[in-house]
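Keep in mind that this is a model prediction, so the values were computed, not measured. Remember, it's 1-based here, ligands and their atoms both numbered in the order they're listed.
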Amino acid sequence: MASTDKNKSVNLESEIFNPSKEIIEQAYIKQYESIYKRSIEDREGFWAEQAENLEWYKKWTTVLDDSKPPFYKWFIGGKMNIVHNAIDRHLNTWRKNKLAFIWEGEPGDFRSFSYHALNREVSKFANIMKSMGVKKGDIVTIYMPQIPELAFAMLACAKIGVAHSVVYGGFSVEALAERIMDADSRVLITADGGWRRGKIIDLKSIANEAMMRSPTIEVCVVVKRTGNEVYMETGRDFWYHDLMSLPVASPVCETEVMDSEDLLFILYTSGTTGRPKGMVHTHGGYAVYTSTTHKLVFDIKEEDRWWCAADPGWITGHSYIIYGPLINGSTTFMYEGAPNHPFPNRWWQMIEKYGITILYTSPTAIRGLMRFGDAWPSRHNLESLRILGSVGEPINPEAWRWYYKIIGREKCPIIDTWWQTETGGFMITPLPITPLKPGSATRPFFGNEVAIVDNKGKEVAVGEEGMLVIKSPWPGLARTIYKDSDRYREIYWKDFKKHGWYKTGDSARIDKDGYIWIIGRIDDVIKVSGYRLGTAEIESALVSHPAVSEAAAIALPHDLKGHAIHSYVILRAGLDGSKELEEDLKRHVSHELGPIARPETVDFVESLPKTRSGKIMRRVLKARALGHDEGDLTTLEE
Ligand code: WT7
């Protein structure tokens, strides 16, 4: 469905949805063009003005240091802490008693925390980590289900100047072990499990196995979530609730003074090579970027109840469940489980119950709920919703229209935000006042100049496909890849070095109105249900199975997931493929990387198309699978 829609996008350009008078009247930004123009002419002035909305222990002296591209720095000389802005500063205002967090567990249990209560939880856990000797320069790995303690742990780290590395709870043994080792983490925070579709995901067993492969962990803190029986190693593993009742867990804890450019977190994301990249984000620029984009793009008002239905284990959750909303003093909602459990009305029920005003989710979730029909949402009062959002992959117009009509009752603008782990926050996105075209992320956010170019850097004509680049730095840009600056330079900045542009890895086209239509990745990154995976990671998981000698993975269109993984393996000499082995290989990938990486198909083959230098030509496999022309095969070895 996604692919057929894409081919029709030329006609779609004329389908326009204008915002209602009410939406325009409420909006902070009433005119895009003039503010955009100003933000480009005086980029530093624009960002300095936004940074004034935060509290700084000491103000910056220079807005942007671009003396060593591509290593840009922002708000130089500024002293701050993102947690001071996300929590502390609200405590001196009436927001102290405003709800910061509302959370519902999959079994239906719920908890909520005011800013005052959030501060106590975070401070207590921060004091525990301090007493364990965790200090600035350390990176704590967090591997948790979607429960409030995940947010407490992240914020507690940032408060005491320690970096966090959150590993998505849907990842498995090898993915976790590799990330722990890359970060040299001494502390791991996890849980005895989480609920998903009525079943317990046993995170602690996965963590145990990962800790055997990655010996750096000295202390493992375990939150009791499910009551699932787990193995606890004496001297290494401690229950969170035991620690939180110790006298050292005082609810008073000073927030560490940090430099703008000090490390806030690393977050691993997939690329073209096997090793995941630890993207580095820092306190100052990231705080300014996430809070500004959250507030202006979604027109956040004091009384909003904001629900970003992503997992905090991905950048979307970091930026728009935790940091952006809390800096803005919003009430942010978090849900633990599956959207269709026990019934497909679970989300609509919670929107009604909590009076959610803005829902921000992914095309894959929308498609997944759409397939159950209109009756499920129609049973609920969704009047509280005023804005809807989408992220993760291009939204196919069919899903867009359903979301707009059935969930938004034709009153809510759909904010289709294009961005990446690397960008920290929204880059191309409508504002609530923007006339919308289903399937287009519309225009660049303030301060950002983008272009669609050919491989020489020349802008392509209207309607033509090209590479999406960003021409100028912004405060949310990842500073580097952890421990690998060369790779950072190589992946993002080498191809357009002469121009100084950031290469996004996406292809796109622009229409006659200047609207941008994202097509998809041009590298070996796959988006499965909006989750980012590298073909190389899947291939190395396959090859780690004793029966496999070589493997290739590609993405093919899939109605619900957007794309699904298809794999090809060459078995070791003397072995034959079978249905059982196919199942076993799928299980193996799922065990090593996580269920999202489980291949849809495993084909046993005798050879793989390769270039003479030995690189697998995935494009050939893809063309064959789709029955398309295989293109230029002159470099093929096979
Ligand atoms: C890739 C980045 C940023 C939060 C979630 C994903 C794709 C993201 C959109 C969108 C079309 C999109 C791109 C991008 N993507 N948002 N609105 N329309 N494509 O972050 O995991 O780093 O993935 O997701 O291909 O490069 P991520």
(request) Answer yes or no: is there a donor N or O on one side and an acceptor on the other, between the side chain of D299 and the main chain of Y28, under 3.5 Å? (result) yes

(request) Inspect the contact between D559 and R367 and indicate whether a charged nitrogen and a carboxylate oxygen are less than 4.0 angstrom apart. (result) no

(message) Taking 4.0 angstrom as the limit and counting only heavy atoms of R532, give me the atoms of ligand 1 inside it, by number and element.
(response) 2 (C), 21 (O), 22 (O), 23 (O), 27 (P)

(message) Side chain or backbone, does D416 bring an N or O within less than 3.5 Å of an N or O on ligand 1?
(response) yes

(message) Can you tell me which portion of Q420 lies within the under-4.0 Å heavy-atom range of ligand 1? Options are side chain, backbone, both, or neither.
(response) both

(message) Taking the basic N atoms (NZ, or NE/NH1/NH2) and the acidic carboxylate oxygens, is any pair closer than 4.0 Å for D454 and K456?
(response) no

(message) Given 3.5 Å as the limit, does a donor-acceptor pair link the side chain of H283 with the main chain of D262, or not?
(response) no

(request) Determine the interplanar angle of the F496 and W501 rings, folded into 0 to 90°, and report it as parallel if under 30°, tilted if 30 to 60°, perpendicular if over 60°. (result) tilted

(message) Parallel, tilted or perpendicular: which one describes the rings of Y488 and W493, with boundaries at 30° and 60°?
(response) tilted

(request) Determine whether the side chain, the backbone, both or neither of P394 has a heavy atom under 4.0 Å from any heavy atom of ligand 1. (result) both

(request) Answer yes when R532 and E422 have at least one side-chain N-carboxylate O distance shorter than 4.0 Å, and no when they do not. (result) yes

(request) Out of F426, W419, Y320, W517, indicate the one that has the non-hydrogen atom closest to atom 8 (C) of ligand 1. (result) W419

(request) Report the part of I395 in contact with ligand 1, treating N, CA, C, O as backbone and CB onward as side chain, heavy atoms under 4.0 Å; options are side chain, backbone, both, neither. (result) neither

(message) Quick check on G392 - does any of its heavy atoms sit under 4.0 Å from an atom of ligand 1?
(response) yes

(message) Heavy-atom distances under 4.0 Å decide this one: backbone, side chain, both or neither, for T421 against ligand 1?
(response) both

(message) Among all the protein's non-hydrogen atoms, which is closest to atom 5 (C) of ligand 1, and how far away is it?
(response) T316 OG1, 3.4 Å

(message) Within 45 degrees of the ring normal and closer than 6.0 Å to the centroid, is that where the cationic atom of R346 sits relative to Y335?
(response) no

(message) Test your reading of the structure: does K527 have an N or O sitting under 3.5 Å from an N or O of ligand 1?
(response) yes

(request) Go through ligand 1 atom by atom and flag the ones less than 4.0 Å from a non-hydrogen atom of V391. (result) 4 (C), 5 (C), 16 (N)

(request) Note the single closest protein heavy atom to atom 13 (C) of ligand 1, along with its residue, its atom name and the distance in Å. (result) D506 OD2, 2.9 Å

